[in-house]
Visitor: 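Before we start, here is the structure in question, set down as structure tokens.
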Amino acid sequence: MKKRAPATSKPQEYEEDGLQLEGKVLVCFVSVEDQDTFDVKIISKQARDEIIKAIQLIEGFPERIEENNAEVEKFNKGLVKAQERGFREGENPKQLKKLILDPAMYKVDKILVYPWAHLSNFLSQESVAMEVCPLIKTMMEEKGYEAYFSPFGWYKAFSLDCLGHEVAEMYRDVTLLLASTEVRASSIFKIVNPDKSIEFFCDSTEESKKKAKIPKKYSKDFRDFIKSEVLSSRGAGRDEPAHIKLMQRFELADFDDATDAGNFRWYTKGLLMKNLLREYVENKVVDNGAIYVDTPVMYTVKNKKLTAQTARFPARTYWVHSGNNRYLLRFASDFLLFNMFSQMNIRADQLPIRAYEYEQYAFRREQAGELAGLRRLRAFTMPDLHSLCKDLPQAVEEFKSQFILSNKILQDFGLKSYMIIRTTEKFWEENSEWLLDIIASENEPALIELWPERYYYFILKYERPILSAQGHTACLCTNQIDVESALDFVEQYGEKRQKYDIKWHDKSGETGHPIILHNSPSGAIERIVWALLETSERYKDTKVPGFPTWLSPIQCRVLSISEKELPYAEKIADAINSKQIRCDIDDRDEKIGKKIRGAEIEWIPYTIVVGQKEMENNTVSIRKRLTGQEFKDGNTNEQINEIPLKKFLKIIEKELVGFPRKQLPLPFRKISSRISFRQ
RNA sequence: GCCAGUGUGGCUUAGCGGUAUAGCGCUUGAUUCGUAAUCAAGAGGUUCGAGGGUUCAAUUCCCUCCACUGGCUCCA
């Protein structure tokens, strides 16, 4: 290798004019990408490990291929015998593999690390990338290899002789991964009873979990909840989750064959529910003092504040290319939101500031096997609330208020859940009084998990999981008390890591970093739908399944006994729709029994039957679905005969007070004109 | 991502080397009916998830891929 001319304004200094390497040299062409420069040391170390793996692959190759050859030979012999015996025809024998060169050629004597910008379209800044090759060289030397690097920023002349065997050329993509090097010590699970008594349940070791017995005194629901949350899914059902069939049957949402797994399409009725949920949650948090914002769905990796967090899960993100730049699709709004906070002028007297964002989509590229219907998606919708609090006492007050808010929300969904509080032993000791008050206020047992130390950016995490029909749990509401993100820097595994540097200041000139509460008061919208469907299925033998009236895509249905009453039925339906209540008509030429059955299967909250009698007396007869209640003598409905329409409207309005209203799209107002997405 | 299972008209499903069975739904006709399924007839599979292979012949056997599901892992 010979230096010819500088290729950049400040080429890397290198004493010698050239470099001559004899023997079998592993030349590693390296280019450094944008996000990698967040931590040059880590990426260099990862590159070094990859090079060592490559050397082991090269030097171990003759042995491996011989093993392989032996295996193939054995297989071929077996196959020949099998064919002679006359079965298993049609199988092609594997071809024998042979080494192309002398095993002595599979050796690495020296390593040359060579900067090669042309390997990537997304290069990092030169000044930082420059450090990488010398660093890898030094790290290789530390591992006992003879290593060299070529200077950065020169036009160079060189010649190479390639040995040309199987592993002579290879490509490796090394992604910056800020893995936690710390081994997490075991945590402890305890059950807190409504009378504030605390029982040890188990610790996080396998032996302890095996020994753990859930006391029989608890309800089946609570025992299933503990099973799922602490003991993994032990004993959970093996069937397909119930909500998948239901979401398809009701035409709420569906898989889509032309996109990535875990990205769903939403049909009219499902979207109606999503929109209602959105408006409902938004109203609730704004009533509770929130402001709203909307931040972009993608962010750059060239901002160190952001990369600090994104580099922890590189395999779990979607990349977007835009010209010569690339961006990550957000997996939460936190990054750009916190970046925005850091650019704001925040007065202490304005705190707590509650910023609400309806994340139309957040993207998490979950592993294929982790996806599960509406429970776990790669693209999901998250109503997200962040509260900036001046200090811990204010954060605690805010936490309590959010606890009450989210309870109200879950109650309005008709969902039942338990509570998990995960925190450090120290924080629990110092705060157990108000935490126990919160638990006791539920009058239900709760689970706590205690860590000996803080491992995450939050000091406390609060979760409300819902049970599925199969006994799995998934969290809706969550809350985290974040004591790290607002700081300027944190010490992490001996390294100083940049944080968002969010600051408040007050009149006296005092400043500080706020504590941030990450709260989703309702959980992901898709997961709410999951929970509604699974809850209905879970209790279907004892309780009437269905959606709360305010959330039902169709809130009432008018059935005419014969064709003669159709005009009257239409008049009724129009009157109801004009009051912003979603009503359709079963205008098919079918018997009343069949129409009733149709309404039952669709979980319609109110069914209105009109026949000769009703038409003559200008009344309606209604069947009120007892959604969520115990079956009444085996019936799902309560019958109220021949009342004026006004009286019916009064009954249904009572259920809709305080809830958002949406119109039913026109084609859906008649069964005959309804648009079907699934046939 | 790993291990295992599944994939047949819109839905539920029979078949498993010789080009496919039924029910629901749909369409049409009859019926005009009082609270969970009226009767009859008809259409609907031209790729039995996709691609490749074996075979005279593949929905059926083999391989690869995709999707979904269960378990593991994971859930910022």
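As a basis for the values below, the full set of heavy atoms in this structure was taken, side chains included, without hydrogen atoms, waters or symmetry mates. Lettering follows sequence order; numbering is per chain, from 1. Keep in mind that this is a model prediction, so the values were computed, not measured.
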Visitor: If pairs are Watson-Crick or G-U with both distances under 3.5 Å, what is the dot-bracket string of RNA chain B, marking crossing pairs with [ ] and pairs to another strand with |?
Guide: ((((((((.[[[..)..(...]]].(((((.......)))))......[[[[[..)....]]]]])))))))....

Visitor: Using the side-chain heavy atoms of Phe313(A), tell me which of these nucleotides is nearest: A67(B), A76(B), G70(B).
Guide: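 My answer, after comparing the listed nucleotides, is A76(B).
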
Visitor: Under 4.0 Å from any atom of RNA chain B, heavy atoms only: list the residues of residues 373-380 of chain A that qualify, in numerical order.
Guide: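 Under 4.0 Å from RNA chain B: Gly373(A), Arg376(A).
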
Visitor: When you measure from the side chain of Ile592(A), which nucleotide among G34(B), U38(B), A36(B) comes out closest?
Guide: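 Looking only at heavy atoms from C-beta outward on Ile592(A), the closest nucleotide is G34(B).
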
Visitor: Taking the minimum atom-to-atom distance to the side chain of Gln612(A), which one of G34(B), U69(B), A76(B) wins?
Guide: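 Of G34(B), U69(B), A76(B), G34(B) is nearest to the side chain of Gln612(A).
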
Visitor: Does this structure show an ion pair linking Glu207(A) with Lys210(A), if we count only N-O contacts that are shorter than 4.0 Å?
Guide: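 So Glu207(A) does not pair with Lys210(A) through a salt bridge.
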
Visitor: For nucleotides G45(B) and A50(B), find the distance between their P atoms and express it as a whole number of Å.
Guide: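 So the two P atoms sit 15 Å from each other.
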
Visitor: Are Lys499(A) and Asp482(A) within salt-bridge range, i.e. N to O under 4.0 Å?
Guide: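 Asp482(A) and Lys499(A): not salt-bridged.
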
Visitor: Closest approach to the side chain of Asn641(A), judged atom by atom: which nucleotide of U38(B), A76(B), U35(B) is it?
Guide: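 Comparing U38(B), A76(B), U35(B) against the side chain of Asn641(A), the answer is U35(B).
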
Visitor: Quick check for you: among C33(B), A76(B), C74(B), whose closest atom lies nearest to any side-chain atom of Arg364(A)?
Guide: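 Closest of the options to the side chain of Arg364(A): A76(B).
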
Visitor: If you apply the rule side chain to side chain contact (heavy atoms under 4.5 Å, CB included), what do you find for Tyr361(A) with Asn263(A), and how did you get there?
Guide: CA-CA 10 Å; Tyr361(A) 279 113; Asn263(A) 287 255; over 6 Å; no

Visitor: Measure CD/Glu590(A) against P/U27(B) and give the value in whole Å, please.
Guide: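 About 10 Å, once rounded to whole Å.
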
Visitor: Whole-Å distance between C11(B) P and Lys245(A) NZ?
Guide: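 Result: 11 Å.
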
Visitor: Rounding to a whole Å, what distance do you find between Leu626(A):CG and U35(B):P?
Guide: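 Going from Leu626(A) (CG) to U35(B) (P), I get 18 Å.
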
Visitor: Starting the side chain at C-beta, find the nucleotide from A37(B), U73(B), U69(B) nearest to Ile244(A).
Guide: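 The answer is U69(B), which lies nearest to the side chain.
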
Visitor: Taking the basic N atoms (NZ, or NE/NH1/NH2) and the acidic carboxylate oxygens, is any pair closer than 4.0 Å for Glu590(A) and Arg597(A)?
Guide: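 Salt bridge flag = no for Arg597(A) with Glu590(A).
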
Visitor: In whole Å, measure the gap between the C1' atoms of A58(B) and G53(B) for me.
Guide: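 My reading of the C1' atoms in A58(B) and G53(B) gives 11 Å.
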
Visitor: Quote, to the nearest angstrom, the C1' distance that separates U8(B) from C68(B).
Guide: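 Straight-line distance between the two C1' atoms is 16 Å.
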
Visitor: Checking all strands, does Glu614(A) fall into the base, sugar-phosphate, or nothing category for heavy-atom contacts under 4.0 angstrom?
Guide: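 It contacts base atoms.
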
Visitor: Could you check which of A76(B), U32(B), U73(B) has an atom nearest any side-chain atom of Glu563(A)?
Guide: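 The answer is U32(B), which lies nearest to the side chain.
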
Visitor: I need the CG-C1' distance between Asp586(A) and G34(B), as an integer number of Å.
Guide: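 After rounding, the gap between these two atoms is 14 Å.
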
Visitor: Roughly, in whole Å, what's the span from CZ in Arg365(A) to P in C74(B)?
Guide: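 Distance, rounded to whole Å: 18 Å.
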
Visitor: Does either side chain, that of Ser560(A) or that of Glu565(A), offer a donor lying less than 3.5 Å from an acceptor on the other one?
Guide: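 There is no such pair (donor and acceptor under 3.5 Å, judged by atom type) between the side chains of Ser560(A) and Glu565(A).
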
Visitor: Round to the nearest Å and state the distance from Ile601(A) atom CD1 to A37(B) atom C1'.
Guide: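 That distance rounds to 8 Å.
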
Visitor: Could you work out which one of C68(B), U32(B), A76(B) sits closest to the side chain of Ser562(A)?
Guide: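 Ranking C68(B), U32(B), A76(B) by closest atom to the Ser562(A) side chain puts U32(B) first.
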
Visitor: Scan Leu559(A) against the nucleic acid and name what it touches under 4.0 Å (heavy atoms): base, sugar-phosphate only, or nothing.
Guide: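 The residue Leu559(A) makes no contact with any strand.
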
Visitor: Look at Lys595(A) and U38(B) and indicate whether a side-chain polar atom (N or O) is within less than 4.0 Å of OP1 or OP2.
Guide: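 Checking U38(B) against Lys595(A), no side-chain N or O comes under 4.0 Å of OP1 or OP2.
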
Visitor: Whole Å only: how far is the CD atom of Glu251(A) from the C1' atom of G25(B)?
Guide: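 Whole-Å distance recorded here is 12 Å.
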
Visitor: Return the nearest nucleotide to the side chain of His472(A); candidates are U73(B), C68(B), G71(B).
Guide: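 Output: G71(B).
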
Visitor: When you compare U59(B) with C16(B), how far apart are their P atoms, in angstrom units rounded to a whole number?
Guide: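 Per the computed distance, 15 Å lies between those P atoms.
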
Visitor: Over all strands shown, is Ala315(A) touching base, sugar-phosphate only, or nothing at heavy-atom distances under 4.0 angstrom?
Guide: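 Nothing: the residue Ala315(A), judged by heavy atoms under 4.0 Å, touches no strand.
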
Visitor: Strictly below 4.0 Å, N to O, side chains only: are Glu602(A) and Arg674(A) in salt-bridge contact?
Guide: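 Arg674(A) and Glu602(A): salt-bridged.
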
Visitor: To the nearest Å, give me how far apart CZ (Arg597(A)) and C1' (A36(B)) are.
Guide: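 Interatomic distance, CZ of Arg597(A) to C1' of A36(B): 6 Å.
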
Visitor: Could Glu229(A) and Arg422(A) be called an ion pair, given the rule that one side-chain N must be under 4.0 Å from one carboxylate O?
Guide: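 Yes, Glu229(A) and Arg422(A) are salt-bridged.
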
Visitor: Do any N or O atoms of the protein come closer than 3.5 Å to N or O atoms of nucleotides 41-52 of chain B, and which pairs are they?
Guide:
none

Visitor: Which listed nucleotide (A36(B), C33(B), C74(B)) is nearest to the side chain of Lys564(A)?
Guide: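 Selected nucleotide: C33(B).
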
Visitor: Using the C1' atom as the point on both nucleotides, what is the distance between C66(B) and G52(B), in whole Å?
Guide: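 Approximately 14 Å lies between the C1' atom of G52(B) and that of C66(B).
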
Visitor: Measuring only the C1' atom in each nucleotide, how far is U13(B) from G23(B)? A whole number of Å is fine.
Guide: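 Result for the C1' pair: 8 Å, nearest Å.
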
